[in-house]
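Start at 1 and go down the list; that is how both ligands and their atoms are numbered.
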Amino acid sequence: MKRMIMMTSMAIAIGCTADLSTEDIKVAPYKDGKECAVSLTFDDSMKEHYTIVAPELEKRGFRGTFWMCGAWMPADPQYDTTHFTWAEAKEMSDKGHEMSNHSWSHPNMTSLSEEELKEQIRKNDEAIIANIGKPSTTFCFPYNAYNETVLAEAMKGRVGARLKEFWLGGQHSPKEYLQKQVEDAMASGSWIAGMTHGINYGYDCYEDPSEFTDFLDYLKSLEDRIWVGTFRDVAAYVAAAKGTTVEVTKTGKVTTVVPSTNLDKTLYETALTLEVNTGEHKIKAEQDGKALEVLYRNDKAFLSFSPFGGAVTIR
Ligand SMILES: [Zn+2]
């Protein structure tokens with residue numbers, strides 16, 4: 001497998017400018033032109049998410065999404081050792097993990113009154129802001145139960161909700177099953193989200209906890225092909241890639257790419273990847289006066305740009 005070579009555009013030899021045609025340029029479906037995306041998500045604010053999961057993810061350079069219920073966060077950690085605390089949640093957030101809304105107290109949301117439904121979402125949103133300082137912009141339904149009304153309410157001000165997941169843990173942990181999910185995602189260019197509760201305890205914990213870390217190692221070994229990103233980051237990227245058009249024009253050796261999007265910048269703030277068929281050639285690119293980082297892989301260049309910024313020039 002070819003390794004990804006990272007270089008800034010400043011380091012590129014200028015002697016071999018690419019003669020690009022407008023068809024050579026498109027927005028990549030996933031960050032850095034990866035073939036598929038995997039989000040690792042963890043439900044129910046379990047203590048092990050803080051003590052085991054987050055450190056194991058960080059060791060491999062991954063970040064996870066943790067769906068929390070405010071009502072379950074221990075007021076006194078001495079008497080509840082099964083859930084992580086708000087202070088621990090803040091620490092995880094500061095390390096780049098996504099700490100997000102799984103309702104206030106984990107009811108089946110399809111059986112709530114309109115008032116109760118709104119309260120379950122609002123109360124947890126407010127607790128997350130108060131304790132972590134960052135808004136929850138994704139949602140996960142308790143018991144994965146939702147209907148049209150619940151979904152519409154939960155999606156207000158959010159980039160996505162977990163509606164489909166593959167189970168990691170319990171009887172679903174064998175290597176063959178987990179690797180098949182990833183192989184299928186690579187083959188179909190899909191985004192998949194894993195759902196895990198406990199590692200060593202809980203109703204669907206791993207029979208052998210090393211199956212969890214082995215799976216992380218497997219994902220790491222495919223890092224050139226798979227984007228392991230938080231649910232929020234992948235949801236925002238996918239929406240921005242769909243909601244952004246690029247107009248490509250060429251004058252002499254300079255190709256200009258003008259992005260336009262109607263998406264709300266505060267909610268969908270993300271960098272998109274432009275995929276450029278360069279063949280053997282190297283390119284230099286800039287946007288709003290700043291040189292853009294360019295990655296090369298398989299005769300293509302991948303550069304990161306803002307869909308909310310000005311024209312990208314490539315030479
Ligand atoms: Zn849950």
N, O or S of H197 under 2.8 Å from the Zn ion (ligand 1): no
T41 side chain to R162 side chain, donor-acceptor N/O pair below 3.5 angstrom: yes
Residue H102, metal the Zn ion (ligand 1), N/O/S under 2.8 Å: yes
Within the 6.0 Å centroid threshold, strictly below: F231 and W191: yes
N, O or S atom within D44 nearest to the Zn ion (ligand 1), by name: OD1
Y50 ring center near F84 ring center (under 6.0 Å): no
Side chains of V238 and Y30 in contact at under 4.5 Å (non-hydrogen atoms): yes
